[in-house]
Enquirer: 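Structure in structure tokens, see below.
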Number of protein chains: 2
Amino acid sequence: MTRKSPMTLSGEAPHPCGHCAFYQDSVWQPVEQSGVSTLARSFSRRELDEGEVLFEQGAESGGVYCVSRGLIALRSYQSDGKSTLLKLAYPGEIIGFRSFLDDGPHRTEARALVASRVCIVARRDAKRVVRANPSVLARLASRCIAEIDRSHERIIASATLSNKVRLTEILLQLARHHGARLEGYVEMKLPLSRPDLADLIGVQPETLSRLVKRLEREGEFLFSGRRVKIAETVFDEDGGFGPPIAKRA
Amino acid sequence: MTRKSPMTLSGEAPHPCGHCAFYQDSVWQPVEQSGVSTLARSFSRRELDEGEVLFEQGAESGGVYCVSRGLIALRSYQSDGKSTLLKLAYPGEIIGFRSFLDDGPHRTEARALVASRVCIVARRDAKRVVRANPSVLARLASRCIAEIDRSHERIIASATLSNKVRLTEILLQLARHHGARLEGYVEMKLPLSRPDLADLIGVQPETLSRLVKRLEREGEFLFSGRRVKIAETVFDEDGGFGPPIAKRA
DNA sequence: CGAGACTTTGACGGGCATCAACACACGTGG
DNA sequence: CCACGTGTGTTGATGCCCGTCAAAGTCTCG
């Protein structure tokens, strides 16, 4: 295809992730000269429209996917038609590694919730690079650990917290990524539909609607379609994980 | 079954896992001569009484633990005093790898539910062996994947199934490990206290008691303290997850 | 036998699922 | 311009399930 890599004048192939904002933490960062050409050969980008599917549940692994822009939802469909939103992947996160590492089919579907860009290293060469460079495998392993931690947190949260509290926490977390700080409150446009949001906390859409109304009645949230305003007080008192939100007031 | 002998020729140290029933799948199996002596040097076993703690939540990693006999519970304690049973580790399973891989403190407590034996490779030398032998890291990664899969299954189950159904599934799964087949039914002694069992499905002990009564009233379960009888019909019709089951397409 | 821990039962209130009907925005086509 | 269908989100009514508190029952081990 087209090789639109940023050229270094030294004559050697540049690292395909070299210009990426997440380069330092990239799983491919430890790859040195000998591996870079392999990496570059199988490296590609893909632009996804809102709602577009990156890979289907049950499909074979296409390699290692790294979210570069946007937001990808990982969802599991069951035989009875129900589905569960398992994870939201933000830029810098790796997805599809489960299937890549165990050579099995994807167990989740990956779909863009907003227009997104994903960087892909195709399977064959990704395997080759991983074999040649164990520290890449170590980095993949630490992504696995992060995924385990997140899953455990979710299991604990769903066992100990009320749905209302879980909803507030998820909203605050979303606001940290999508929110803009205005005077006195934080505003954001939800990247999720109501059914998806309901899935995320594990309730029916009707119940979600009622939870939303309860939050509004308590005064610190205000909803209007996908727009949400959150009182700054609630937002700041939240312990907070994840990266800080961009300030563009 | 091609079982290659772990025995070595004259003078060489034998592989410490060589005689283990799980040797073929051991994460240390790929270690060859040069690494075996390192491995053997830091290898130890530990016998645990029922209720004894293997490692505490918050403690530094002691290395890689492999369950050899018995049953270990991994439990997370929260600041508010609540706890959640996250995992039951059966013989052949690796525990403590999360802390080992990311060099952080344990996020869970490991406690023996029944008298157990655990094989330990101390951290320093375990790190050394992993560095020298990438395929050990690959095996650890696949244990991570298994843990991710299990966590996802649990998240999905708690989002889609009723507590009664989840309890039945957990009982059937336990019966697959602890049950003895008698005429017309399967009998087992639960390795868990009622509060632990309640934790496992995420309800209060009182609710568990009522669920148990409902199962008994429906006729296919019979409880007496920690003894449980399960009708063979229910036991057999269960598609089930857990070790000895093969997946369909 | 008796004390303490564990387990069950009862009563009560609230949260959630389910089914059904309604409100609303957005598009197309008459 | 309006009628109309569709997809999406909301509201209402009802019944079940679960958490909580309190009390009674049961088991176990000294």
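Proteins get letters first, then strands, A, B, ... in listed order; numbering begins at 1 in each. The figures that follow rest on heavy atoms only: side chains count, while hydrogens, waters and symmetry mates do not.
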Enquirer: With a non-hydrogen cut-off below 4.0 angstrom, is A/Arg214 in contact with a base, only sugar-phosphate, or nothing?
Expert: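 Sugar-phosphate contact only.
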Enquirer: Side chains of B/Arg111 and B/Glu50, heavy atoms from C-beta outward: is any pair under 4.5 Å?
Expert: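 SC-SC contact between B/Arg111 and B/Glu50 ruled out.
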Enquirer: Run the ring-ring contact (aromatic ring centres under 6.0 Å, His included) test against A/His152 and tell me which residues pass, sequence neighbours left out.
Expert: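 Expected list: none.
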Enquirer: Run the side-chain donor-acceptor check on residues 113-122 of chain B: report pairs under 3.5 Å with partners two or more places apart or on a different chain.
Expert:
{"residue": "B/Ser116", "atom": "OG", "partner": "B/Leu71", "partner atom": "N", "Å": "3.0"}
{"residue": "B/Ser116", "atom": "OG", "partner": "B/Val114", "partner atom": "O", "Å": "2.7"}
{"residue": "B/Arg117", "atom": "NE", "partner": "B/Ser68", "partner atom": "OG", "Å": "3.1"}

Enquirer: For residues B/Ile94 and B/Lys87, report the shortest heavy-atom separation together with the two atoms involved.
Expert: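 Shortest heavy-atom contact: O-NZ, 4.0 Å.
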Enquirer: Could you list by number each residue of residues 199-212 of chain B showing a heavy-atom separation from DNA chain C of less than 4.0 Å, or answer none if no residue does?
Expert: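 Residues of residues 199-212 of chain B under 4.0 Å from DNA chain C: B/Glu206, B/Ser209, B/Arg210.
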Enquirer: Could you tell me from which nucleotide to which nucleotide of DNA chain D, 5' to 3', there is an atom under 4.0 Å from chain A heavy atoms?
Expert: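 Listed 5' to 3', the contact boundaries are D/dG9 to D/dA13.
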Enquirer: Under the 3.5 angstrom rule, does the side chain of A/Ser151 hit a backbone N or O of A/Glu147 as a donor-acceptor pair?
Expert: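 It does hold such a pair.
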Enquirer: Using a 4.0 Å heavy-atom cut-off across all strands, classify B/Lys213 as base, sugar-phosphate, or nothing.
Expert: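 B/Lys213: backbone/sugar contact only, no base atoms under 4.0 Å.
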Enquirer: Please find the earliest and latest nucleotides of DNA chain C, in the 5' to 3' direction, that have an atom within less than 4.0 Å of any heavy atom of chain B.
Expert: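 Contact span on the strand: C/dT7 to C/dA11.
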Enquirer: Strictly by modelled atom types, are B/Asp103 and B/Ser61 linked by a side-chain donor-acceptor pair under 3.5 Å?
Expert: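 Side-chain D/A pair, B/Asp103 to B/Ser61: absent.
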Enquirer: Consider only side-chain N and O atoms of B/Gln78 and A/Thr160, and report whether a donor and an acceptor are under 3.5 Å apart.
Expert: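 On atom types as modelled, these side chains qualify, holding a pair under 3.5 Å.
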Enquirer: Output every pair passing ring pair (Phe, Tyr, Trp, His ring centres under 6.0 Å) with a member in residues 99-123 of chain B, not counting sequence neighbours, ordered by first then second residue.
Expert: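 Of all non-adjacent pairs touching residues 99-123 of chain B, those that pass ring pair (Phe, Tyr, Trp, His ring centres under 6.0 Å) are B/Phe55-B/His106.
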Enquirer: Is the shortest heavy-atom distance from the side chain of B/Thr108 to the side chain of B/Arg75 under 4.5 Å?
Expert: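 B/Thr108 does not reach B/Arg75 side chain to side chain.
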Enquirer: Side chains of A/Thr207 and A/Asn163: do they bring a donor and an acceptor to under 3.5 Å?
Expert: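 The criterion, which ignores hydrogens and geometry beyond distance, is not satisfied for A/Asn163 and A/Thr207.
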